[in-house]
Amino acid sequence: QVQLRESGGGLVQAGGSLRLSCAVSGDTTCISAMGWHRQAPGKERELVATIPDSGRAYYADSVKGRFTISRDEAKNTIYLQMNNLKPEDTAVYYCNLAFSDSRAFWGQGTQVTVSS
């Protein structure tokens, strides 16, 4: 069973930075993509960033140039570096993995709150 656990969320001032981490356990062979989503109160969950196993990263227009997704395979950890945070970035952030057999796994989410 694959399990994802996010950390690094919290309260930050506008213009500040946070790095979210997602520790992955279990059998992670045959991963096709990894990504981060977020969901603000009253809004649908939206894609923030994703990267195929052997492809180019994609970013939502709202975070392009500010956020960076990466993975440390040795540590089995996915990161989301968030710079120049804005109040509209406030949301619960979820990491996820997708596998070549169409399985998908999600973390429990971590709250990011950006104050003005």
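Model, not experiment: these values are computed from the prediction.
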Least distance between heavy atoms, T50 atom then A33 atom:
OG1-CB, 4.3 Å
Residues pairing under ring pair (Phe, Tyr, Trp, His ring centres under 6.0 Å) where one sits in residues 50-71, two or more places apart or in two chains, turn out to be none
Can you check side chain to side chain contact (heavy atoms under 4.5 Å, CB included) on M82 and L20, steps first, answer last?
CA-CA 8 Å; M82 305 185 294; L20 304 183; 3.7 Å; yes
Would you give the length of the straight line joining atom CD of Q13 to atom OG of S116, rounded to the nearest 0.5 angstrom?
8.0 Å
Return the set of residues passing salt bridge (Lys or Arg N to Asp or Glu O under 4.0 Å) with R5 (not counting sequence neighbours), or none when no residue passes.
none
Kindly state each residue pair satisfying ring pair (Phe, Tyr, Trp, His ring centres under 6.0 Å) with at least one member in residues 7-26, sequence neighbours excluded.
none
For L4 and Q108, what are the C-alpha separation, side-chain angles and deciding distance, and is it a side chain to side chain contact (heavy atoms under 4.5 Å, CB included)?
CA-CA 8 Å; L4 290 70; Q108 80 287 350; over 6 Å; no
Residues in side-chain hydrogen bond (donor to acceptor under 3.5 Å, both in side chains) with E88, at least two apart?
none
Salt bridge (Lys or Arg N to Asp or Glu O under 4.0 Å) against K43, all qualifying residues, sequence neighbours excluded:
none
Who are the side chain to side chain contact (heavy atoms under 4.5 Å, CB included) partners of N83, not counting sequence neighbours?
S17, Q81
Looking at every non-hydrogen atom in both residues, tell me the closest pair between L47 and A60 and how far apart they are.
O-CB, 3.5 Å
Please, which pairs that meet ring pair (Phe, Tyr, Trp, His ring centres under 6.0 Å) have at least one residue in residues 77-99, sequence neighbours excluded?
F99-F105
Any donor-acceptor pair under 3.5 Å linking the side chain of S32 with the backbone of A98?
yes
Any ring pair (Phe, Tyr, Trp, His ring centres under 6.0 Å) pairs touching residues 19-56, not counting sequence neighbours?
H37-W106
Do S62 and R38 pass the side chain to side chain contact (heavy atoms under 4.5 Å, CB included) test, and can you show the C-alpha distance, the side-chain angles, and the key distance before you say yes or no?
CA-CA 12 Å; S62 59; R38 67 186 181 187; 3.3 Å; yes
Residues at least two apart in sequence or cross-chain that pass salt bridge (Lys or Arg N to Asp or Glu O under 4.0 Å) with D27, listed by chain then number, are none
Quick one: closest heavy-atom pair of M34 and L97, and the distance?
CB-CD2, 3.6 Å
Under the side chain to side chain contact (heavy atoms under 4.5 Å, CB included) criterion, do D53 and R71 qualify, and how do the steps go?
CA-CA 10 Å; D53 187 48; R71 179 188 181 189; 4.1 Å; yes
Rounding to 0.5 Å, atoms CD (Q111) and OG1 (T90) come to a distance of 7.0 Å
Under a 3.5 Å distance rule, please check whether Q39 uses its side chain to pair with a backbone N or O of A91 as donor and acceptor.
no
Could you note down all residue pairs passing disulfide bond (SG atoms under 2.5 Å apart) where residues 23-54 supplies at least one of them, sequence neighbours left out?
none
With sequence neighbours left out, what residues match P52 under side chain to side chain contact (heavy atoms under 4.5 Å, CB included)?
none
When every non-hydrogen atom of G109 is compared with those of V92, the smallest separation belongs to CA-CG1, 3.8 Å
Find out whether V2 and V24 are in side-chain contact, i.e. whether some heavy atom of one side chain is under 4.5 Å from a heavy atom of the other.
yes
Salt bridge (Lys or Arg N to Asp or Glu O under 4.0 Å) with R66: which residues, sequence neighbours excluded?
D89
Over all heavy atoms of both residues, which pair between L18 and G8 is shortest? Give the atoms and the distance, please.
CD2-O, 3.8 Å
Measure the spacing between CG of N76 and OG1 of T28 and express it to the nearest 0.5 Å.
4.5 Å
